[in-house]
Amino acid sequence: MMAGNHDISFRQEQFMEARQNTELFTTHDYNFALEPLHETNLQIGVSREQNEVWNHNQEQALTLQNSRTHSEEQDLEGKDEVDSQENQNESYDHTFDLTFPDNDDSETSENDKLALIVSQDLNDNLQLAVGHCMNRDPIPGLNISLSQQLELAPPIIQCRSLQTAPEHNLVVGMEFSDVLACRRALRDAAIALRFEMQTVKSDKTRFTAKCNSEGCPWRIHCAKLPGVPTFTIRTIHGSHTCGGISHLGHHQASVQWVAEAVTERLKVNPHCKPKEILEEIHQVHGITLSYKQAWRGKERIMAAVRGSYEEDYRLLPRYCDQIRRTNPGSVAVVHGSPVDGSFQQLFISFQASICGFLNACRPLIGLDRTVLKSKYVGTLLLATGFDGDGAVFPLAFALISEENDSSWQWFLSELRKLLEVNSENMPKLTILSSRDQSIVDGVDTNFPTAFHGLCVHGLTESFRSQFNNSILVNLFWEAAKCLTDYEFGGKIDEIEQISPEAALWIRNSQHSRWATYCFEGTRFGHLTANVSESLNSWIQDASGLPIIQMMESIRRQLMTLFNERRETSMQWSTMLVPSAERHVLEAIEESRLYQVHKANEAQFEVMTSEAKWIVDIRCRTCMCRGWELYGLPCSHAVAALFFCGQNVYRFTESYFTVANYRRTYAETIHPVPDKTEWKTTEPDRESGEDSEKIVIRPPSVLRQPPRPRKRRSQGEDRGRQKRVVRCSRCNQAGHFRTTCTAPT
């Protein structure tokens, strides 16, 4: 490499002319560029002392080039050999060797080597910069080698963005559409060029700003052209002598600037987190902001993207009309306050969900609720079934402004109406919910014949809050799963040995509503009713949006769910759904070790290594109670069925067949047109109301802000030692990372 440096082809006249009119510096992408040199060789973003070192290095490099010029003119005949050597040097991939071989045939002077070593020692980051420059094109118009570029490269002072910032050249005569565009352009230029700007005057006809650094003469003045809103740059006084900012923050990086910087990304991914916004801004612009700035910037742009909350409430009656028109047979009703018309309740259930539940789902309904994180107070109520494969099957959902006894009574009455209208004989239902008294009263009133079971998950949380013992909690779950009275009593005895108070708590609870062995209804193994956890991704995507957009997000997820499960079931070749098929195969495998004795055509005695069990294949029962509770033959029943030559699959409930599963998702949930396509409709024939005359206003109660932090009085703070602030970048006390001035 040093041999190539000795024989470089470089014209002294060309370099001297370029040196007088241009300034050589590196951009953030480590490309070399030429900029006009005004008064002094200053690099924005470095200190005055560092600029002096940079200029001194350039002068040393110039002296070195002058010493080489004479030998270059005497050796023009070796130009071809030099060119081939340069091409060989440029072929190296991301490596640069600064060692000097012992057998170097070139006549490189010791001064050349010394200058190169000094240039290397100027900054530890210099070698990294050279590594990035290896694959770059040479500077147009300058025939200098890579080693000379190494000597001329400035040191890297601060860790900033490695991406090339857009050009923000400010020249006299530049025009802007209005004063806001003018201010935005100056703000973006200040951020890109790493200096902070202070506004001196700003009104409808003029804008004046100066550099915020003390002693820097830079100043800009813009004014409005007569008769038009256009602004133009009138004067730019002086050049920057401040060296730019030395910290990682920026005064011009406001919340509005953050919003404009991430607008396109949020349109593509509205769920982008503030932490990801902070990382992107730091990578692109080299600025470190606070989490609050990123969050406020996202909220500002999302408010413009998602539209008005109030407008969506006004359009709710027409939205319900569109659901009923695009999905005939669906239920969609909205109610407002009779006093002021403010929103109270919205109930939606699609015809595809109603038919799927009544025709193919298990007669089991789970009730749950979740509080929405929206601008206005609201709670989402959910009623779901369970398909043959045990997955949640959304049946109906409602949005209420306030959760109370009347709201649950209304929701369950609407649910009962749609089931009665769409079925000749109401199925014998089992309903699972929390033990909230509002839900219990609503179920007793609207479904008096249904079996009401309590969610074991909610009971477990209450049990855990009183007895914070993981062993007791696990035993509680095992007791809930027990199929016989004997097994349940054994688990309670184990709990009593650890904590008599915990055993008393269980005995006093209504275990007939949650313990599997004594529950009268058929739960099919479902102990919990935490539907919101199963649909958490849906709710997270929709929560926080205006009400129509939220309902549309849920409808879209539901539409996709029906289609995906419908297509998946078409690929199944077994008689039972996958979960039921696995259950039967496991039971068949276990039954191979059992002995069977026949009592009559229906009763059998099955002997195992632990006990004996009586099976009745006519009544589909077993003493272990697994067959009647889960709807699938247990291992004892399978042994008896095999003994008498029966087909095991004929003795499974129809809910678990693939044919029945396909009927569950046979119907389609159709899309709803965009708001712009909604037209004025005629009065609804069923309700007799005109959606154009129904006025729904937003709820009267906004979502409460977070509880403010408590301020201690001065008396409380007296004598308290103050916390020492420490920088996470340099580990020094007295400042933060954003104001840190320590070099990297």
Check: Do Arg663 side-chain atoms and Ala360 backbone N/O form a donor-acceptor pair below 3.5 Å?
Finding: no
Notebook entry, point to check: Has the side chain of Thr574 got a donor or acceptor atom that lies under 3.5 Å from a matching backbone atom of Leu576?
Noted result: yes
Notebook entry, point to check: Which is it for Glu552 and Arg555 under the salt bridge (Lys or Arg N to Asp or Glu O under 4.0 Å) test, yes or no, and what are the steps along the way?
Noted result: CA-CA 5 Å; Glu552 276 295 277; Arg555 181 203 57 78; 2.9 Å; yes
All N/O donor-acceptor pairs, side-chain side in residues 342-355, below 3.5 Å, sequence neighbours left out:
unit_1	atom_1	unit_2	atom_2	d
Ser342	OG	Asp340	OD1	2.9
Ser349	OG	Leu395	O	2.8
Ser353	OG	Pro394	O	3.2

Ion pair [X]/[Y], N-O distance below 4.0 Å:
X	Y	answer
Arg620	Glu628	no
Arg416	Glu420	yes
Glu276	Arg265	yes

Notebook entry, point to check: So, His452 versus Trp514, ring centres under 6.0 angstrom or not?
Noted result: no
Classify the ring geometry between [X] and [Y] as parallel (under 30°), tilted (30 to 60°) or perpendicular (over 60°).
X	Y	value
Trp678	Tyr319	tilted
Phe519	Phe451	perpendicular
Trp572	Tyr661	tilted
Tyr630	His583	tilted

Check: How many angstroms lie between atom OG1 of Thr657 and atom CZ of Arg662, to the nearest 0.5 angstrom?
Finding: 9.5 Å
Checklist line | Pi-cation contact, Phe524 with Arg362 (under 6.0 Å, within 45°) | finding: yes
Quick one: side chains of residues 476-483, donor-acceptor pairs under 3.5 Å with protein atoms, not counting sequence neighbours, listed by atom name and distance.
unit_1	atom_1	unit_2	atom_2	d
Trp477	NE1	Thr460	OG1	3.4
Glu478	OE1	Lys491	NZ	2.8

